[in-house]
Amino acid sequence: MTRALTSEQNIRRLVIVGGGTAGWMAAASLQHHFSGTPLSIAVVESPEIGTIGVGEATTPTIRRFYQQLGLRDLPVMQAIGATCKLGIQFNHWKAPNHSFFHPFSVFGQSLNGVDFLQYWLKAKSAGLAGELSDFSLGAQLALAGKFSPPAPKPASTLSVYDWALHLDAGRFAELLRQHALQGGVRHIQGTIERVQKTDDGLVQTLHLRGGDTVDGDLFIDCSGFRGLLIEGALETGFEDWGQWLLCDAAWVAPSARSGRANPYTRVDAHGAGWQWNIPLQERDGNGRVFASRFLPDAQAQAEFAESLGERALAEPRLIRFQPGIRKRAWNGNVIALGLAAGFLEPLESTSIALIETGIERIKQLFPSRGIEPVIVDEFNQQTRLEYERVRDFIILHYALNGRDDSDFWRECRAMWLRGDVPETLRSKIELFKARGYVKRYRWEMFQPASWLALFSGFDYLPEHWDLAADRIPDPALRSSLESMQQSVRAAVTEAPDHDEFLARYVLGAQQESST
Ligand code: FAD
């Protein structure tokens with residue numbers, strides 16, 4: 001039996017360091033979960049050190065996150081200037097002017113017990129089928145600029161799709177802050193200048209500028225990239241994944257809306273990276289992510305500024321980052337969350353989703369009766385596996401690129417061709433190519449449909465499929481696929497434009513409630 005790091009029954013004071021998205025998400029959710037127990041929760045936030053101020057595209061799990069707190073979609077959307085997101089459009093990744101879509105949905109319907117992918121592969125190779133995204137209602141709604149919430153009881157898998165939000169990061173943190181404070185969380189404004197540890201190396205007291213102190217039993221480090229406790233005080237170490245993910249900086253700026261609000265995030269590949277566009281109700285969020293080894297900051301800035309033109313609402317701001325993870329997310333009595341735990345570039349909007357799963361893990365493994373090494377090890381193992389699986393999915397976007405116009409893209413592809421990608425990713429790609437089978441690992445955030453969206457988007461398709469798919473004769477296959485597409489088209493026709501949906505249900509409801 002291993003000894004607990006802390007004596008029994010002493011985790012009663014939880015201190016969250018940082019009041020950015022991670023800090024307030026953790027505070028609101030943990031307060032909700034532990035309300036009525038002896039656990040007290042405090043958030044320490046510096047009025048002098050700002051938040052990162054980006055993080056505006058999400059995955060559908062964000063909605064489950066705030067629903068668990070008792071918050072509903074429309075009021076949340078009203079409060080935080082949000083729009084709807086049905087997926088991500090990737091432009092120029094396979095080749096200049098080529099585009100594909102990664103929806104939050106599955107594709108098609110199985111036929112006679114044969115998985116859709118298998119007979120779609122057969123149909124595609126025989127010229128009987130178009131793109132995989134033709135068989136996703138979520139993708140087709142998005143591309144038509146439409147939005148309607150999915151039916152609660154979908155008639156078939158063809159109408160199964162999910163949606164997320166584009167949100168204003170500052171307003172989202174504010175909403176959660178209010179929720180957490182109403183629930184009883186204590187808010188301490190102050191800048192931590194010194195961290196005092198016990199003789200055993202545990203964090204004990206935070207010393208704030210001005211002389212105040214904050215004691216805790218367990219600390220959640222949400223202090224951003226600096227990792228004030230996990231790194232500054234405990235020197236946990238960082239595992240750099242820059243050998244696989246070459247981008248390490250981003251210019252970011254808001255802009256005025258040009259045209260309608262797309263119900264999807266747009267990510268356009270560029271010479272040495274890519275640029276995002278995130279439509280919010282009152283403005284757009286934009287950022288150009290680039291590899292500084294391949295593109296000087298000034299040139300990236302000039303290209304970014306030119307792409308926004310007169311729509312830019314502020315001077316671009318440069319954010320540097322290092323892709324990778326903290327060697328241990330939980331060390332001693334400190335758990336790192338958000339940017340303090342690690343960062344992968346925002347290509348698939350995974351950071352906030354990783355905060356959500358981190359919070360769930362804290363709830364499930366909360367050390368109510370002392371910090372046992374077995375709990376810490378489990379937490380760290382799950383966290384690492386989850387980050388590694390996200391990492392692999394993001395590397396996939398670069399590995400399969402088909403661009404030949406810059407050293408950056410050639411190097412990304414060469415990395416894969418040389419076999420210099422993580423083994424877990426290599427075997428997944430090879431297995432798909434050999435047999436159209438998407439290998440599953442534990443703690444994967446991205447389900448097979450997401451991998452298929454990428455494989456098919458890059459036209460990286462297997463030559464062999466399930467023999468059983470050959471059982472379906474070509475005419476029957478053609479007519480089944482046609483009828484699926486027709487039903488998708490009919491649902492798209494009926495749905496309102498995304499702008500109309502926002503005006504009628506989100507902004508309209510807001511006006512009604514304020515009159
Ligand atoms: P921060 O926002 O940096 O907050 C840190 C907090 O710690 C602040 O409140 C600060 O005051 C406090 N603090 C720091 N030092 C001290 C101190 N000494 N004393 C007291 N308090 C202190 N994620 C997504 O999910 N989707 C996206 O589209 C997305 N886009 C991104 C684009 C870029 C370029 C980057 C860099 C990140 C992006 N992210 C995205 C990630 C997302 O922004 C973060 O995961 C999220 O904002 C959480 O940040 P945080 O709360 O961990 O840190």
Side-chain angles (χ1 to χ4, degrees), residues 57-61 84-95 98-110 115-121 123-125 129-144 147 150 157-164 262-269 274 276 344-350 353 389-403 412 416 425 428-433 435-441 444-462 465 481 484-485 488 492:
T58 63
T59 62
T61 50
C84 309
K85 171 180 172 184
L86 289 160
I88 305 175
Q89 185 186 52
F90 290 87
N91 299 315
H92 323 300
W93 284 75
K94 178 171 180 286
H98 177 272
S99 176
F100 68 89
F101 200 83
H102 171 196
F104 299 128
S105 73
V106 293
F107 298 97
Q109 263 178 314
S110 54
D115 187 48
F116 177 78
L117 171 69
Q118 301 303 323
Y119 63 79
W120 176 79
L121 288 171
K124 176 96 174 137
S125 84
E131 299 308 316
L132 198 55
S133 56
D134 294 347
F135 302 90
S136 154
L137 179 51
Q140 293 308 310
L141 283 169
L143 295 171
F147 181 80
T157 54
L158 261 186
S159 17
V160 174
Y161 62 92
D162 211 341
W163 59 292
N262 292 325
Y264 55 86
T265 307
R266 212 183 70 218
V267 295
D268 298 349
W274 54 278
W276 79 72
L344 292 154
E345 61 184 77
L347 187 53
E348 286 280 350
S349 324
T350 42
R389 297 293 75 76
V390 172
R391 173 202 66 194
D392 286 2
F393 188 58
I394 293 179
I395 298 173
L396 179 75
H397 297 63
Y398 291 101
L400 299 187
N401 93 83
R403 295 177 65 113
C412 292
W416 153 242
L425 175 62
K428 194 151 176 160
I429 297 179
E430 286 182 357
L431 187 56
F432 183 75
K433 187 70 173 169
R435 176 52 183 80
Y437 178 84
V438 182
K439 186 172 177 161
R440 303 288 304 273
Y441 294 111
E444 267 191 313
M445 184 176 284
F446 291 97
Q447 303 302 307
S450 290
W451 288 81
L452 289 179
L454 265 288
F455 285 132
S456 74
F458 283 110
D459 220 6
Y460 191 83
L461 297 176
W465 46 83
L481 291 171
M484 282 182 212
Q485 275 188 270
V488 168
V492 171

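In this chain, numbering begins with 1 at the start of the sequence shown.
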Can you list the steps and then say if Trp120 with Leu132 is a side chain to side chain contact (heavy atoms under 4.5 Å, CB included)? CA-CA 8 Å; Trp120 176 79; Leu132 198 55; 3.7 Å; yes

In this structure, is the centre-to-centre distance between the rings of Phe107 and Phe135 below 6.0 Å? no

Whether Phe90 and Trp93 hold their rings parallel, tilted or perpendicular, with breakpoints at 30° and 60°: perpendicular

As an exercise, state the distance from CG of Leu347 to CD1 of Ile394, rounded to the nearest 0.5 Å. 6.0 Å

When rounded to the nearest 0.5 angstrom, what distance separates CD in Glu348 from CD1 in Ile88? 4.0 Å

Within the side chain of Ser456, is there an N or O that forms a donor-acceptor pair under 3.5 Å with the backbone of Asp459? no

Examine the side chains of Tyr437 and Gln118 and answer whether a donor and an acceptor come within less than 3.5 Å of each other. no

Thr61: what forms a side chain to side chain contact (heavy atoms under 4.5 Å, CB included) with it, not counting sequence neighbours? Thr59, Ala353, Glu356

Can you check whether Gln89 reaches Val267 side chain to side chain, under 4.5 Å on heavy atoms? no

Using the benzene-type ring in the case of Trp, are the ring centres of Phe458 and Phe100 under 6.0 Å apart? yes

Taking C-beta and beyond as the side chain, do Glu444 and Lys428 meet within less than 4.5 Å on heavy atoms? yes

Pro60: partners by side chain to side chain contact (heavy atoms under 4.5 Å, CB included), with sequence neighbours left out: Arg64, Phe104, Asp162, Ala164

CZ on Arg391 to OG1 on Thr350, rounded to 0.5 Å: 13.0 Å

Go through the structure and list residues passing ring pair (Phe, Tyr, Trp, His ring centres under 6.0 Å) with Phe393, not counting sequence neighbours. His102, His397, Phe446, Trp451

When you measure from the side chain of Arg403 to the backbone N and O of His92, does any donor-acceptor pair fall under 3.5 Å? yes

Please tell me if the side chains of Thr58 and Ser349 come closer than 4.5 Å, counting only heavy atoms from C-beta onward. no

Check side chain to side chain contact (heavy atoms under 4.5 Å, CB included) between Val106 and all other residues, then give those that pass, not counting sequence neighbours. Thr157, Val160, Ala449

Between CG of Leu158 and OG of Ser105, what distance do you get to the nearest 0.5 Å? 9.5 Å

What residues form a side chain to side chain contact (heavy atoms under 4.5 Å, CB included) with Glu430, not counting sequence neighbours? Trp416, Arg426

Nearest non-hydrogen partners of Pro462 and Leu121, listed with the distance: CG-CD1, 3.6 Å

Heavy-atom distance under 4.5 Å between the side chains of Pro448 and Phe455, does that happen here? no

Does a donor on one side chain and an acceptor on the other come within less than 3.5 Å for Tyr264 and Trp163? no

Closest heavy-atom pair and its distance - Met484, Gly108: SD-CA, 4.3 Å

I'd like to know if the side chain of Asp134 and the backbone of Glu131 have a donor-acceptor N/O pair within less than 3.5 Å. yes

Could you tell me if the side chain of Leu117 sits less than 4.5 Å from the side chain of Leu452, heavy atoms only? yes

Within the distance-only criterion (no hydrogens, no angle test), does the side chain of Gln140 pair as donor or acceptor with the backbone N or O of Ser133 below 3.5 angstrom? yes

For Lys94, the salt bridge (Lys or Arg N to Asp or Glu O under 4.0 Å) test, sequence neighbours excluded, returns none

With side chains defined as the heavy atoms from C-beta onward, is the minimum distance between Leu86 and Pro103 less than 4.5 Å? no

Should the ring pair Tyr119 and Phe116 be called parallel, tilted or perpendicular, given that the plane angle runs from 0 to 90° and is split at 30 and 60? perpendicular

Would Asn91 and Ser99 satisfy side-chain hydrogen bond (donor to acceptor under 3.5 Å, both in side chains), going step by step from the backbone distance to the final call? CA-CA 4 Å; Asn91 299 315; Ser99 176; 2.8 Å; yes

